[in-house]
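Remarks on the structure that follows.
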Amino acid sequence: MTNEELARTFEKIADLLEIKGEVIYVVLAYRRAAESLRILGQEADVYRTSQPLNTIPGIGKAIAEKIIELLDTGKLGFLEKLEAEVPVSLLEILEVPDVGPKKVALFWKQAGITTLADLEIAAQEHRLRQLPGMGEKSEQRILEGIAALRRRSHRMTLGVARPIGLRWVEWLQAQPCVQQAEFAGSLRRWRSTIGDLDLVAACDDSAALMAAFTSHPEVVRVLGQGENKSSIELSNGLKLQLWTQPPENFGSLFQFVSGSKEHNVRLREFALKQGWSLSERGLTGTDGKLVTYSDEESLYKALGLPWIAPELREDRGEIQAAQTGDLPALLKIDQLQAELHSHSTWSDGVNTIREMALAARQRGLKMLAITDHSASLGIAGGLKAEDLLRQRAEIDLVQKEMGSDFRLLQGTEVEIKADGSLDYPDEVLAQLDIVIASLHVSLRQPRPEVTARLLKVMQNPHVDIIGHLTGRLLPNREGADLDMDSVLKAALENGLALEINANPARLDLDEVYSRRAAEMGIPLSINTDAHSPADLDLIEYGVSVARRAWVEPEAVLNCWSVEKITAWLQSRGRN
DNA sequence: GCCGTTTTCGGCCCGACTGTTTTCAGTCG
């Protein structure tokens with residue numbers, strides 16, 4: 001059983017317990033445990049061989065025992081009993097917007113409603129309005145909620161969400177009363193996928209701004225409108241929320257809406273210990289006086305902390321690190337010296353080697369590896385081994401033209417075939433400057449097979465980097481089901497680097513395993529996998545993964561000097 | 001259910017908005 005499966009089990013327990021009416025802190029404890037497992041970076045089954053499970057934050061004796069039972073038997077008596085008490089089908093009702101655990105329990109216990117279909121029929125027949133605390137409007141809202149659930153759009157990738165967010169910030173900034181506007185929420189924290197879009201504005205005529213916002217031409221539905229907060233839905237199903245505060249309190253608002261919720265809860269606990277109550281309105285002292293903050297820095301400073309970068313605000317130890325001065329020195333885009341994964345017209349890239357090299361140099365890079373696909377990836381026009389010689393001639397030519405302060409490498413993104421062999425023979429790989437090996441096909445193999453396939457490749461001394469490790473495609477296609485503990489161990493033993501693929505549809509390695517890999521001492525390589533000059537700018541998404549993973553520049557291959565990268569390649573037997 | 005330089009027991013974040021209510025409960029972020 002994987003950490004993800006364990007986490008889902010505990011979330012299910014939390015939901016069922018909450019409907020049942022269990023004390024909220026018990027429910028929260030299960031949710032916290034689920035999140036802890038997700039970010040552990042090591043399978044619980046492996047973790048427990050070296051340390052007891054209750055050394056994981058948020059996991060105590062009771063949940064540790066449940067994990068052990070799940071790992072050993074695949075079942076959990078506690079959950080089975082719970083499921084006998086609370087119908088599991090109630091969980092689909094819990095998905096309906098504006099329906100929470102209390103309403104679900106009400107529908108179930110007082111109207112015998114146990115499925116989404118039951119609920120819809122009851123609402124249509126106006127039976128819900130007869131229940132206590134329910135009325136005509138609530139009933140209507142539930143029908144709308146069920147409809148919204150049906151047309152619910154998936155989470156967006158960061159690559160889709162960012163341009164939308166930027167566009168709305170521009171619109172906000174153009175509104176007459178707005179002095180400052182930003183997007184916040186998970187988009188500002190650079191989470192790999194985004195649900196709703198959160199916007200904040202400093203403004204001294206909130207009513208006018210909210211009116212403009214809710215009557216924007218793209219709005220198909222106003223989900224809520226108040227003095228400080230409004231929520232709208234666009235025709236494509238995207239939900240936007242706008243929060244406002246007067247300019248003198250913009251910092252508190254920005255901090256609050258940026259989240260994460262978990263970070264905010266932790267920060268509020270921290271504030272409380274110092275006698276402050278923290279909210280989006282500012283800090284309230286024990287004397288009841290409110291202090292406002294126009295920027296985030298001064299808010300964190302008032303709590304005795306340095307400013308914490310949004311990428312770190314996930315309650316993964318950042319507040320403690322801030323307190324002790326141990327926040328990581330986060331990576332910045334201009335620290336990157338090299339792009340080690342790119343494509344040209346020799347395979348499925350749209351630009352020539354020369355165009356790619358010029359574009360890389362223009363962006364301040366000092367090194368570019370051309371890593372076209374190998375032959376068997378027919379869909380991408382992969383190169384046959386004999387073409388590599390002609391490509392080498394062209395690369396030499398462009399290298400001469402670029403001069404000595406820019407280094408061009410001839411590499412390959414060699415295909416890992418379904419049987420774990422590579423697409424080029426070793427003697428061909430040996431002649432290249434850099435070799436990335438990637439999975440593109442047969443990703444659905446069972447865990448033992450796909451892991452063994454990768455481990456075999458990792459033992460090949462001619463392979464330097466494993467590209468986009470799992471092959472996942474965001475937001476919806478899962479990657480290969482790899483035994484990550486074995487894979488990371490093999491990377492370390494063989495001195496390989498692992499790629500953080502910067503394409504927003506990949507971001508693979510993810511932040512959890514990037515963090516783990518860096519802690520283990522495995523070099524990371526942040527690459528755009530560029531198929532055109534514009535793709536080189538995707539690097540910011542890759543950098544965001546490294547930042548969210550607390551990875552510092554020394555752990556990133558591309559941040560090393562050209563000399564150091566070359567030395568690393570030579571140490572691996574390259575010319 | 002978890003956790004501890006205020007606690008091994010008694011705490012565990014905070015406010016906006018909505019709809020149902022005449023003062024509050026539920027949901028959400």
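- Q42(A) contributes atom CD, which lies 8.5 Å from atom OH of Y513(A) (distance to the nearest 0.5 angstrom).
- Across the protein-nucleic acid pair, K261(A) atom NZ and dA16(B) atom P stand 16 Å apart, rounded to whole Å.
- Side-chain nitrogen and oxygen atoms of R141(A) include at least one within less than 4.0 Å of the OP1 or OP2 phosphate oxygen of dG19(B).
- Mapping A62(A) and G133(A) onto DNA chain B by nearest heavy atom places A62(A) closer to the 5' end of the strand.
- Across all strands shown, dT8(B) forms no Watson-Crick or G-U wobble pair with both key distances under 3.5 Å.
- If you measure from atom CG of L106(A) to atom P of dT27(B), you get 9 Å, rounded to the nearest angstrom.
- The side chain of A29(A) approaches dC2(B) more closely than any other nucleotide in the set dT20(B), dC12(B), dC2(B).
- Comparing the P positions of dT21(B) and dA16(B) gives an interatomic distance of 24 Å, to the nearest angstrom.
- Between W243(A) and F256(A), the ring planes lie perpendicular to each other; the angle is over 60°, past the 30° to 60° tilted range.
- Of the side-chain N and O atoms in Y30(A), one or more sit less than 4.0 angstrom from OP1 or OP2 of dG1(B).
- Distance noted for atom P between dC13(B) and dG4(B): 15 Å (whole Å).
- Comparing dT27(B) with dT20(B), their P atoms sit 14 Å apart, to the nearest whole Å.
- Nucleotide dG15(B) holds its P atom 13 Å from the CG atom of N228(A), rounded to whole Å.
- Salt bridge R31(A)/E11(A): absent, no basic N to carboxylate O contact under 4.0 Å.
- In summary, E269(A) and R266(A) engage in a salt bridge, as defined by a charged side-chain N under 4.0 Å from a carboxylate O.
- No contact: L28(A) has no heavy atom under 4.0 Å from any strand.
- Rounded to a whole Å, the CZ atom of R32(A) is 10 Å from the C1' atom of dC3(B).
- Distance check on atom C1': dC2(B) versus dT8(B) gives 12 Å, rounded to whole Å.
- Within 4.0 Å (heavy atoms only), V257(A) reaches no atom of the nucleic acid at all.
- P132(A) comes within 4.0 angstrom of no nucleic acid atom, judged by non-hydrogen atoms across all strands.
- Annotation: dG1(B) and dT5(B) have their P atoms spaced 23 Å apart (nearest Å).
- Contacts of I24(A) with the nucleic acid, taken as non-hydrogen atoms under 4.0 Å apart, are absent.
- Atom CD of E478(A) has 12 or fewer heavy atoms from other residues, nucleotides or ligands within 6.0 Å.
- Here the separation of dC9(B) from dC14(B), taken at their P atoms, is 26 Å to the nearest Å.
- Between Q255(A) and N264(A), the side chains place a donor N or O and an acceptor N or O closer than 3.5 Å (distance only, hydrogens not considered).
- For K103(A), the listed nucleotide lying nearest its side chain is dT27(B); candidates were dG1(B), dT27(B), dA16(B).
- Among the nucleotides dT27(B), dG1(B), dT18(B), the one closest to the side chain of V26(A) is dG1(B).
- Rounded to an integer number of Å, the gap from R266(A) CZ to dC14(B) C1' is 16 Å.
- N264(A) comes within 4.0 angstrom of nothing in the nucleic acid, heavy atoms only.
- Toward the 5' end of DNA chain B, the nearer of the two residues D198(A) and S277(A), judged by each one's closest nucleotide, is S277(A).
- Atom P of nucleotide dC12(B) and atom CG of L272(A) are separated by 7 Å, given to the nearest angstrom.
- Of the listed nucleotides (dG26(B), dC14(B), dC13(B)), dC14(B) has the atom at the smallest distance from the side chain of S279(A).
- Among the atoms of the strands shown, none is found under 4.0 Å from any heavy atom of K239(A).
- If you take CG of L223(A) and C1' of dT27(B), they are 14 Å apart, rounded to a whole angstrom.
- For D196(A), counting side-chain heavy atoms from C-beta on, the closest listed nucleotide (dC12(B), dG29(B), dG15(B)) is dG29(B).
- The listed nucleotides are dC28(B), dT20(B), dG15(B); the one nearest the side chain of R281(A) is dG15(B).
- For K229(A), no side-chain nitrogen or oxygen approaches OP1 or OP2 of dT18(B) to under 4.0 Å.
- D196(A) and Q241(A) form no side-chain donor-acceptor contact under 3.5 Å, judged by distance and modelled atom types alone.
- When heavy atoms are screened at a 4.0 angstrom cut-off, E139(A) is found touching no nucleic acid atom at all.
- Counting to the nearest Å, the P atom of dG11(B) and the NZ atom of K273(A) are 15 Å from each other.
- Using a 5.5 Å limit on the distance between ring centres and a 30° limit on the angle between planes, the aromatic ring of Y25(A) counts as stacked on the six-membered base ring of dC12(B).
- Ring geometry for W168(A) versus F213(A): interplanar angle over 60°, hence perpendicular rather than tilted (30 to 60°).
- Rounded to whole Å, the P atom of dG11(B) lies 32 Å from the corresponding atom of dC17(B).
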